[in-house]
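Just so we're clear, the structure is a prediction, and the values are computed from it rather than from any experiment.
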Amino acid sequence: GYSAQGVFTTLAQVPILSETLTPTINNLGTSNTSSALTGGIITSSNGSSIIERGVLYGLNSIPTYPTNNTSQDYVVADNQDNFNVICIRLDRNKTYYFRAYAKNADGIGYAPVKSLYIPPEIPRISLMSQGGITSSSIIVTAEAYTYDGSQITDKGFIWSTSSSPLDLTLNTKVNSN
């Protein structure tokens, strides 16, 4: 005798990725956006040719490959098993999540997610005017600003009677409103 008939499903043989490379800030510049360098390592194609590889990224803590109903930022990489990409248009003062992926005829394989915080811009100073110089005083006005609109939490002037570099812990600070 034969055994009873049965139905079984085989698991898809999606690619295996060992890791998403730790993202690093690639360019901060003076604009509101930045970019990051990251990548992935494919350890197995699982017997089916890799048709696409790259990195998904965004503010969602688990980036997934876009479908007809979803959108996701991603960068397609070249045809290497170890690949690097540059992810662009990253807003400052936000945490981004990166996930390497590879796609074959059976589906999509993912690497673990890595994150990167893009810091706010360092404030810029524009010297507006100085005057009223006497032997014991000076009047100085300046404007502090950022390109990205980050809040400036403290501002003022540091002064010293010494020619050594100014240091907030050693010199006198005059707060400003």
Discussion item. Check for me, please, whether Leu56 and Val85 land in the same ILVMFWY cluster - side-chain distances under 4.5 Å, paths through other members count.
Written reply: no
Worksheet item: Could you give the distance from CG (Asn93) to CD1 (Ile118), rounded to the nearest 0.5 Å?
Response: 10.5 Å
Discussion item. Restricting to non-hydrogen atoms, name the atom on Gly58 and the atom on Gln72 that form the minimum distance, rounded to 0.1 Å.
Written reply: N-NE2, 3.9 Å
Fill in: Verify same cluster id: Leu17, Leu37 (apolar side-chain graph, 4.5 Å)
yes
Discussion item. Are Leu59 and Val75 linked, directly or through intermediate hydrophobic residues, by side-chain heavy-atom contacts shorter than 4.5 Å (ILVMFWY only)?
Written reply: yes
Discussion item. I need the minimum non-hydrogen distance between Ser61 and Val113, along with the two atoms involved.
Written reply: O-CG1, 3.6 Å
Practice prompt. Output yes when a side-chain donor or acceptor of Thr20 lies under 3.5 Å from a complementary backbone atom of Ala100, and no otherwise.
Written response: yes
Practice prompt. Kindly indicate, with the supporting measurements, whether the criterion side chain to side chain contact (heavy atoms under 4.5 Å, CB included) is fulfilled by Asn46 and Ile16.
Written response: CA-CA 7 Å; Asn46 256 337; Ile16 298 171; 3.8 Å; yes
Worksheet item: CG/Asn26 to OG1/Thr38 distance, rounded to the nearest 0.5 angstrom?
Response: 11.0 Å
Practice prompt. Check the pair Tyr145, Ile125 against side chain to side chain contact (heavy atoms under 4.5 Å, CB included), reporting the backbone distance first and the verdict last.
Written response: CA-CA 7 Å; Tyr145 63 95; Ile125 304 296; over 6 Å; no
Worksheet entry | Sub-4.5 Å side-chain heavy-atom contact between Glu143 and Arg124 | no
Worksheet item: Is Arg99 reaching over with its side chain to a backbone N or O of Pro63, donor-acceptor style, under 3.5 angstrom?
Response: yes
Practice prompt. Spell out, yes or no, whether Leu21 and Ile86 are grouped together once hydrophobic residues are joined by side-chain heavy atoms under 4.5 Å, including indirect joins.
Written response: no
Worksheet item: After noting the C-alpha distance and the side-chain angles of Val14 and Ile108, does the key distance pass the side chain to side chain contact (heavy atoms under 4.5 Å, CB included) rule?
Response: CA-CA 6 Å; Val14 299; Ile108 302 167; 5.8 Å; no
Worksheet item: What class does the angle between the rings of Tyr74 and Tyr101 fall in, given that below 30° is parallel, 30 to 60° is tilted and above 60° is perpendicular?
Response: perpendicular
Worksheet item: Just by distance, do the side chain of Arg53 and the backbone of Asp81 share a donor-acceptor pair under 3.5 Å?
Response: no
Response to the item:
Shortest non-hydrogen pair, Arg92 vs Pro119, comes out as CB-O, 3.5 Å
Could you go through residues 129-137 and list every donor-acceptor pair under 3.5 Å that involves a side-chain atom there, pairing it with any protein atom two or more places apart or in another chain?
residue : atom : partner : partner atom : Å
Ser129  : OG   : Thr141  : OG1          : 2.7
Thr134  : OG1  : Ser136  : N            : 3.2
Thr134  : OG1  : Ser137  : N            : 3.0
Thr134  : OG1  : Ser137  : OG           : 2.9

Worksheet item: Quick one: CZ on Phe83 to CD1 on Ile50, what's the gap to the nearest 0.5 Å?
Response: 9.0 Å
Worksheet item: How many angstroms lie between CD1 in Ile41 and OG in Ser18, if you round to the nearest 0.5 Å?
Response: 4.5 Å
Discussion item. Taking Ile25 as the starting point, is it possible to reach Tyr97 by hopping between hydrophobic residues whose side chains are less than 4.5 Å apart?
Written reply: no
Worksheet item: Under the 3.5 angstrom rule, does the side chain of Tyr110 hit a backbone N or O of Tyr65 as a donor-acceptor pair?
Response: yes
Fill in: Pair Phe98-Cys87, side chain to side chain contact (heavy atoms under 4.5 Å, CB included): steps then yes or no
CA-CA 9 Å; Phe98 301 84; Cys87 302; 3.8 Å; yes
Discussion item. Check whether Glu52 reaches the backbone of Asn104 with its side chain - one donor and one acceptor, N or O, closer than 3.5 Å.
Written reply: no
Discussion item. Rounded to the nearest 0.5 Å, what separates atom CG in Asn60 from atom OH in Tyr96?
Written reply: 12.5 Å
Worksheet item: Which atom pair, heavy atoms only, marks the closest approach of Ile42 to Ala102?
Response: CD1-CB, 3.8 Å
Item to complete: Quick one: pull up CD in Gln13 and OG in Ser44 and give me the separation to the nearest 0.5 Å.
Response: 8.5 Å
